There are 2 protein chains.
Amino acid sequence: MFAKKGFSSVSMRHLSKAVNMSPAAIYHYFPDKNTLYLETVKYAFADKEEAFSVVWQDNHSAKTKLVLFVTSLIQELTLDPMFHTLILREVVDANPERMKMLANDIFKEQFCFLLSVMKEIAPEKDEHLSAISVLSLCKHHLEMQPLRQHLPGWKHEHEQPDVLAKHVIELLLKGL
Amino acid sequence: MFAKKGFSSVSMRHLSKAVNMSPAAIYHYFPDKNTLYLETVKYAFADKEEAFSVVWQDNHSAKTKLVLFVTSLIQELTLDPMFHTLILREVVDANPERMKMLANDIFKEQFCFLLSVMKEIAPEKDEHLSAISVLSLCKHHLEMQPLRQHLPGWKHEHEQPDVLAKHVIELLLKGL
DNA sequence: GTCTATATGGCGATAGAC
DNA sequence: GTCTATCGCCATATAGAC
């Protein structure tokens, strides 16, 4: 509900109805709405690391790692759009403390793996910008879906994870 | 205020204070809060086409058009972050009617120019996906700024429009 | 641990004076 | 065209019974 409608558009009354409780009962488990929201975000992001554990195995070449990462990320974001929307809401709201927490506790480890792959594949490029570019290509196609489906040239197949992944990987490796 | 805090976190009382009016006075100009918001969005997006009129001039080669477009877009988004945040909020909220309006009335024309450039530069690729990829690389670096400044490898210079534009253009033309 | 009842205050919107 | 006053509603949060 937070991902779909945003923090202030979801009331304790709505939440309580969704779990068949009175609003007051929720306050037995959480001191206030803000804490409840924070716990929700942490919970939603907590188990995402596992999905990528296969990607960074040592016996893979850098290029294979990149291909696997792009594929896995697009897959994960497609299968769990709520996860994706929640990230987006967090970034738009941009609470500095929460940003720091997200960066350090949730994304840092995966980002470091990606950085080291970038260093190997494109040593002459700035690896931070390269890594962010990889993320942007994966994330943005899905993020813009509500808008781009109304733009010229859109096809149904553009929403398929494997079609998207193929496009992104080719673009990254060879350019336009 | 809508860009910064979102529709439901900005009250008519807040708005009225910001313009030194009583809440009731605003209702003389707008029938309700929703209409006021829509007018705000239209106003914020209305004059953005002009910024790109130079880009699509016929005497430019396709490659030059791409370079100019990337440079202009990153410039525009950096100079007017409110514009950028407002797009993002619209996409996250994803009201179907408003998406259609935005696509047809605001973005379509520019997107078509970009599509035709993509067709010329990368004829064997899907031009819709290519065009969205260009947008994603420009937009996402700025969008992620609050988060990525806490991620490893970040430097101050990564926020400079020309550094970003150079990176994006090289990536698009040659790959990693 | 869950409920009903309620305190307290902000919300969008309107009525009607000036 | 702007104001004060207010309606009716919903918000977060708490008190206290069971």
Side-chain angles (χ1 to χ4, degrees), chain A residues 1-47 81-83 85-102 105 146, chain B residues 1-47 82-83 85-102 105-106 146:
Chain A
M1 294 169 76
F2 283 135
K4 198 172 179 187
K5 315 212 294 167
F7 180 79
S8 42
S9 296
V10 178
S11 72
M12 297 301 276
R13 283 171 167 82
H14 295 146
L15 288 176
S16 68
K17 265 191 192 155
V19 292
N20 278 323
M21 273 182 172
S22 71
I26 297 185
Y27 283 89
H28 178 73
Y29 299 94
F30 302 95
D32 52 37
K33 190 187 171 186
N34 204 52
T35 308
L36 190 158
Y37 174 73
L38 276 176
E39 295 291 321
T40 307
V41 174
K42 272 190 206 164
Y43 178 80
F45 289 2
D47 59 341
M82 189 201 71
F83 169 59
T85 316
L86 209 50
I87 298 178
L88 211 53
R89 288 213 183 268
E90 278 297 298
V91 173
V92 177
D93 283 357
N95 178 300
E97 268 182 54
R98 293 215 304 267
M99 284 297 105
K100 227 170 172 173
M101 186 268 280
L102 283 178
D105 299 358
Chain B
M1 295 169 76
F2 283 134
K4 197 171 181 187
K5 316 211 295 167
F7 180 80
S8 43
S9 295
V10 177
S11 71
M12 297 302 277
R13 284 168 170 81
H14 294 146
L15 288 176
S16 67
K17 264 190 192 155
V19 292
N20 279 321
M21 272 182 174
S22 72
I26 298 184
Y27 284 88
H28 178 73
Y29 300 92
F30 301 95
D32 53 36
K33 190 187 173 188
N34 203 53
T35 307
L36 190 158
Y37 174 72
L38 276 177
E39 296 290 322
T40 308
V41 174
K42 274 190 205 165
Y43 178 80
F45 288 3
D47 59 340
M82 189 202 72
F83 168 58
T85 316
L86 210 49
I87 298 178
L88 212 53
R89 288 215 182 266
E90 278 297 298
V91 173
V92 177
D93 283 357
N95 177 301
E97 268 180 54
R98 294 214 302 267
M99 284 298 105
K100 229 170 170 174
M101 186 267 280
L102 283 178
D105 300 358
I106 315 280

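Note that this is a predicted model, so its numbers are computed, not measured. Below, chain A is the first sequence line, B the second, and so on; all start at residue 1.
Remark: A:Tyr29 engages no residue in a ring pair (Phe, Tyr, Trp, His ring centres under 6.0 Å) (not counting sequence neighbours).
The nearest whole Å value for the distance from the CD1 atom in B:Ile26 to the P atom in D:dC3 is 10 Å. Rounded to whole angstrom, the span from the NE2 atom of A:His28 across to the P atom of C:dC3 amounts to 12 Å. Across the protein-nucleic acid pair, B:Phe7 atom CZ and C:dC11 atom P stand 13 Å apart, rounded to whole Å. Distance A:Asp32 CG to D:dA11 P: 17 Å, rounded to the nearest Å. With rounding to whole Å, B:Leu15 atom CG is found 10 Å from C:dC11 atom P.
Considering all non-hydrogen atoms of both residues, B:Met1 and B:Val10 come closest at O-CG2, 3.4 Å. B:Asn34 approaches B:Phe7 most closely through the heavy-atom pair OD1-CZ, 3.9 Å. The shortest heavy-atom contact between B:Ser8 and B:Lys33 is CA-NZ, 3.9 Å.
Residue contacts for A:Val10: at a heavy-atom cut-off of 4.0 Å it reaches the sugar-phosphate backbone alone, with no base atom in range. Using a 4.0 Å heavy-atom cutoff across all strands shown, B:Ser11 reaches sugar-phosphate atoms only and no base atom.
Taking the nucleotide of DNA chain C with the nearest heavy atom to each of B:Met12 and A:Tyr29, the more 5' of the two is matched to A:Tyr29.
Side-chain nitrogen and oxygen atoms of B:His14 include at least one within less than 4.0 Å of the OP1 or OP2 phosphate oxygen of C:dC11. Contact annotation: A:Arg13 side-chain N/O to D:dC10 OP1/OP2 distance is not under 4.0 Å.
Taking the charged nitrogens against the carboxylate oxygens, B:Arg89 and A:Asp93 do have a contact shorter than 4.0 Å, which makes a salt bridge.
Of all nucleotides listed (D:dG1, D:dT12, C:dA13), C:dA13 comes nearest to the side chain of B:Lys33. Residue B:Ser22 has its side chain nearest to D:dT4 when only D:dT4, D:dG1, C:dT2 are considered. With D:dT12, C:dC3, C:dT14 as the choices, the nucleotide that has an atom nearest any side-chain atom of B:Ala24 turns out to be C:dT14. Comparing C:dA13, D:dA13, D:dA11 by their nearest atom to the side chain of B:Tyr27 picks out C:dA13.
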